[in-house]
Amino acid sequence: MQRILVTGTNRGLGLEFVRQLLARGDRVIATCRHPGKALALTELAAAHPGHLHTLPLDLASERSIAEAARETAALTDTLDALINNAGMLVSGERFGAVEHKSLVDSFAANVAGPVLLTQALIPLLEKGKSPRVLSITSRLGSIAGTTAFGTPSYAMSKAALNMATRQLAAALAPRGIIVLCASPGWVKTDMGGDNAPVTPHDSVAGLLKVLDAATKNDAGRFVDYKGASIAW
Ligand SMILES: NC(=O)c1ccc[n+]([C@@H]2O[C@H](COP(=O)([O-])OP(=O)(O)OC[C@H]3O[C@@H](n4cnc5c(N)ncnc54)[C@H](OP(=O)(O)O)[C@@H]3O)[C@@H](O)[C@H]2O)c1
């Protein structure tokens with residue numbers, strides 16, 4: 001049994017992470033912006049008494065991150081893993097009309113939030129069993145793989161999340177915490193859309209294998225949901 005905190009759990013991949021972690025007997029702290037409206041989480045909590053706690057967390061808010069870290073520490077002394085899953089994508093951006101707000105909001109939710117949350121949870125992770133931090137990034141954040149203009153706020157923020165992964169991996173290796181980032185594939189969720197070829201079930205099953213198998217040799221890696229390296 002592991003204790004795992006997951007962000008962005010009211011829908012999409014985050015909800016699937018919670019389902020699969022509970023099904024295998026883990027204890028989950030599931031965060032989302034509005035737990036009161038997250039009916040699927042409420043049902044899962046009823047089906048798994050004592051194994052699922054939900055907490056409010058808006059990753060774009062420094063105060064919300066600090067509060068969620070405090071509430072997590074009140075619930076548990078240790079965390080074995082943190083899955084920085086929540087993310088946002090501004091659709092419809094066009095070259096020549098990229099907006100300040102799109103860039104700033106994307107960096108707040110996709111980079112600053114995961115970095116500050118990771119930092120705030122270090123005291124709990126340090127006490128975990130082979131503690132790991134997995135940040136869900138995207139192939140669109142691959143600088144090497146970028147040849148066309150598209151979803152710039154998202155792509156730039158995921159590239160920055162990839163750098164954050166390297167930075168955090170270096171800072172946390174001496175404390176025994178393994179940090180890596182993984183692309184989930186193109187997945188059928190609100191973000192991925194109906195044409196996506198990968199199901200949330202298969203993506204999350206693969207990502208959990210990556211998480212479980214991570215050793216110190218994987219610190220600072222950028223991989224896909226099957227564990228294969230992606231070019232930076
Ligand atoms: N689906 C894909 O094809 C794909 C591909 C590559 C990478 N990814 C990445 O995979 C992760 C999960 O994506 P998904 O497909 O499950 O997307 P999704 O269905 O759009 O869900 C996104 C989740 O992130 C949450 N979120 C967004 N901004 C937030 C904030 N400021 N604070 C807290 N939570 C916030 C959303 O909460 P609300 O409901 O409150 O908005 C929602 O729970 C993301 O990091 C995404 O970038 C997805």
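Along the sequence shown, residues are numbered consecutively beginning with 1. We count ligands from 1, going down the list as the structure has it; atoms in each ligand are counted the same way.
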Novice: State, without any angle test, whether T189 and R11 hold a side-chain donor-acceptor pair at a distance under 3.5 Å.
Specialist: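 No donor-acceptor contact under 3.5 Å links the two side chains.
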
Novice: Any ion pair linking D26 and R24 (charged N to carboxylate O, less than 4.0 Å)?
Specialist: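 Result for this pair is yes, salt bridge flagged.
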
Novice: With a 4.0 Å heavy-atom cut-off, what residues sit around ligand 1?
Specialist: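 The 4.0 Å shell around ligand 1 contains G8, N10, R11, G12, L13, R33, L57, D58, L59, A60, N85, A86, G87, A109, I136, T137, S138, Y154, K158, P184, G185, W186, V187, T189, D190, M191, G192.
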
Novice: Scan V133, I177, V6 and name whichever one has a side-chain contact (heavy atoms from CB on, under 4.5 Å) with L82.
Specialist: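 Exactly one option meets the side-chain contact (heavy atoms from CB on, under 4.5 Å) with L82, and it is V133.
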
Novice: Within a radius of less than 6.0 Å around CD of E126, do more than 12 heavy atoms belonging to other residues, nucleotides or ligands occur?
Specialist: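 Above 12, so yes.
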
Novice: Test of understanding: with ring pair (Phe, Tyr, Trp, His ring centres under 6.0 Å), list the residues that count as partners of Y225, not counting sequence neighbours.
Specialist: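 Here no residue qualifies.
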
Novice: Are D224 and R139 within salt-bridge range, i.e. N to O under 4.0 Å?
Specialist: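 The answer is yes: the pair qualifies as a salt bridge.
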
